[in-house]
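Excluded from the calculations below are hydrogen atoms, water molecules and symmetry mates; all remaining heavy atoms, backbone and side chain alike, are included.
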Amino acid sequence: MAKVLTPRSESYAQWYNDLVIKAGLAENSAVRGCMVIKPYGYAIWEKMQRVLDDMFKETGHQNAYFPLFIPKSFFSKEADHVEGFAKECAVVTHYRLKNNPDGKGVVVDPDAKLEEEYIVRPTSETIIWNTYRDWIQSYRDLPIKINQWANVVRWEMRTRLFLRTAEFLWQEGHTAHATREEAIEEAETMLKVYADFAEKYMAMPVLQGYKTASERFAGAVETLTIEALMQDGKALQSGTSHFLGQNFARVFDVRFQSKEGKEEFVWATSWGVSTRLMGALIMSHSDDNGLVLPPKLAPVQVVIVPIYKKEEELKQIVEQADKIASALKKHGVSVKVDDDDKHKPGWKFAQYELQGVPVRLAIGPRDLQNGTVELARRDTLTKEVLPVEGIDNRIAELLDDIQNNIYQRALNFRKENTHTVDTYDEFKKVLNEKGGFILAHWDGSDETEEKIKQETKATIRCIPIDSNPEPGKCMVTGKPSRQRVVFAVSY
RNA sequence: CGGGGUAUAGCACAGCCCGGUUAGUGUGCCUGCUUUGGGAGCAGGAGGUCGCAGGUUCGAAUCCUGCUACCCCGACCA
């Protein structure tokens, strides 16, 4: 079979690029740093959205929509927030074009300069908290639990499809609470939602934990994160949930009157996952033949490929295929019968493997005669011939098996690539030779964290949420450490 | 924003150093026939202002200048 992807062993980065493009997920656009998400890629994103959206609604959130543009003055109110995002903001300065007086094309009309410039949102805390001020007077107005699905812009120097693009799609939850405890609980709840989604739907195991001060969201008191391990041993931050304290309430003057008649600042959270999850999904499961999708997120779960010589045979096979398809649909399984005569079966096999369709059925004249179908699993690349009778039940179960199998496989990979070390030498050695997650003691200081980052490129991915922490001594300074933290080189 | 590279048919590339027929190869596309259980074969055909703007020259894809875009490596980051 002709390989269309660069093998992972040769270049993981190239393999990733090849896969995203060849599987029809996304491509680079005419706009620097901005991708076009193609129909197949978008279909996966839509499935993610649907599941997450349901999870948000079940946890008491409602969707709303806030503006793309944020007045510069709003943005500059929260000092840390500005510092974090200022360097990557797109700015709108004018509102009109005019014909170029010197000839062809159009130019910005200098007379149409905005009184106050707008920032294209890199995130929406400021516009939302400015709005919440008007919505909140009393504790009876709380909590407010809102989510928005939106695009945001962060002007990145170097971009990679899905993993880091100048414009990306995401959801951002923004909640307002009467008490500190309730806000913290909200941030923790949403982290659990993300972890659940990652593990149960994406089949991607994640570590949950706190970010260190240097990795924290700009403007947050605490940032919680889910961290996943990619096949090349690098970590990918896949979702974050922030406890914002009263930082945004203070600068936007959002106060409420408590039951006791006291005026207090509102407590806040925000949380988000983005199209970066697409990158996480790809790099968790896929192989040198292409994408491997968990059945729960696959736009097409089963594809049926007819194999035939004569038109007449095709007709009979498609009849059989349609029968199987409608039986499967009763189980809620999404099926495609590919009777397109543009390509031969071999081409289709390769193509559906590239696109990660979990189960492929092939039906030929021989099967018609024997009452069988050939079933191929994408996750194991194995094939078997099975009776048509009861195939729908068999496949419904198989899809669950596949979902579990790829989760288990990813979990095993993570276990094999998680190492515990006690000395800095050992740390460097493991990092160089194996990569992956490294559990080590750290004294809690910014200086030590920075030193390790400078010397090894590894960062603290998270301080795990651990009910049973193991105290020890920092591998670099020997100072006391409350618990092990997770290091890795990250995307 | 530094360092390197690339720009020629839908896509992937050769040609450029050393200027000179009608700019070529693979793949994809169109037509026909044969094929179809792992990316089919043969025959015929369509498709290019050689990234853009100048310059040198009798003549430029090729040499020179400027610009733009993209890719890779760094710094920054979800």
| task | Determine the contact category for D341(A): base if any of its heavy atoms lies under 4.0 Å from a base atom, sugar-phosphate if only primed atoms, P, OP1 or OP2 are that close, otherwise nothing. | result | nothing
| Nearest-Å distance once atom P is located in both rG2(B) and rU56(B) | 32 Å
| note | Partner of E353(A) under salt bridge (charged side-chain N to carboxylate O under 4.0 Å, His left out), picked from K383(A), R360(A), R378(A), R377(A), is R360(A)
| query | Which parts of residues 292-310 of chain A get close to RNA chain B, meaning a heavy atom less than 4.0 angstrom away? | reply | I307(A), Y308(A), K309(A)
| Which is true for R360(A) with a 4.0 Å heavy-atom rule: it touches a base, it touches only sugar-phosphate, or it touches nothing? | base
| remark: side chain to side chain donor-acceptor pair (under 3.5 Å) with K451(A): of E447(A), E455(A), E449(A), only one passes, and it is E455(A)
| Are D392(A) and K323(A) ion-paired here, with the side-chain N under 4.0 Å from a carboxylate O? | no
| query | What nucleic acid atoms does R32(A) come within less than 4.0 Å of, heavy atoms only: base, sugar-phosphate, or nothing? | reply | sugar-phosphate
| Would you call the rings of W129(A) and Y132(A) parallel, tilted or perpendicular, where under 30° means parallel and over 60° means perpendicular? | perpendicular
| message | With a 3.5 Å limit on both atom pairs, tell me what rG66(B) is paired to, counting Watson-Crick and G-U wobble, or say none. | response | rC52(B)
| remark: In whole angstroms, the gap separating P of rC76(B) from CE of M157(A) amounts to 10 Å
| Axial cation check for F437(A) ring with R414(A), 6.0 Å and 45° limits | no
| request: Could you check whether K383(A) gets within reach of a base, just the sugar-phosphate, or nothing at all, counting any heavy atom under 4.0 Å? | output: base
| Does a nitrogen or oxygen in the side chain of N28(A) sit under 4.0 Å from OP1 or OP2 of rC70(B)? | no
| task | Identify whether any heavy atom of Y491(A) sits under 4.0 Å from a base atom; if not, whether one sits that close to sugar-phosphate; answer base, sugar-phosphate or nothing. | result | nothing
| Rounded C1' spacing from rG55(B) to rC13(B) in Å | 30 Å
| request: With RNA chain B as reference, determine whether R160(A) or R216(A) sits nearer its 5' end, using the nearest nucleotide of each. | output: R160(A)
| message | My understanding is that a pair needs two contacts under 3.5 Å, Watson-Crick or G-U wobble. By that rule, which nucleotide pairs with rG28(B)? | response | none
| Touch check for Q237(A), heavy atoms < 4.0 angstrom, all strands: base, sugar-phosphate only, or nothing? | sugar-phosphate
| query | Using a cut-off of less than 4.0 Å, is there contact between a side-chain N or O of N17(A) and OP1 or OP2 of rC72(B)? | reply | yes
| Separation of atom NZ in K38(A) from atom P in rC11(B), rounded to whole Å | 11 Å
| If you look only at pairs with a residue in residues 191-230 of chain A, which of them pass as a ring pair (Phe, Tyr, Trp, His ring centres under 6.0 Å), with sequence neighbours excluded? | H81(A)-F217(A), F85(A)-F217(A), F197(A)-Y201(A), F217(A)-H242(A)
| said: So L236(A), base contact, sugar-phosphate only, or nothing? Heavy-atom distance under 4.0 Å. | reply: nothing
| Watson-Crick/G-U partner (both atom distances under 3.5 Å) of rU36(B) | none
| task | For rC42(B) versus rG59(B), give the span between their P atoms, rounded off to a whole number of Å. | result | 45 Å
| For atom P, what is the distance between rA69(B) and rC29(B), given to the nearest Å? | 34 Å
| Taking NZ, NE, NH1 and NH2 as the nitrogens, is one of them in R50(A) or D54(A) under 4.0 Å from a carboxylate oxygen of the other? | no
| Counting only Watson-Crick or G-U wobble pairs whose two distances fall under 3.5 Å, which nucleotide matches rA9(B)? | none
| request: Have a look at T275(A) and say if it touches a base, only the backbone sugar-phosphate, or nothing, with a 4.0 Å heavy-atom cut-off. | output: nothing
| message | In whole Å, measure the gap between the P atoms of rG10(B) and rG51(B) for me. | response | 13 Å
| said: Distance check needed: rC11(B) P versus E27(A) CD, whole Å only. | reply: 10 Å
| query | Under 4.0 Å: is that the gap between some side-chain N or O of K342(A) and OP1 or OP2 of rC29(B)? | reply | yes
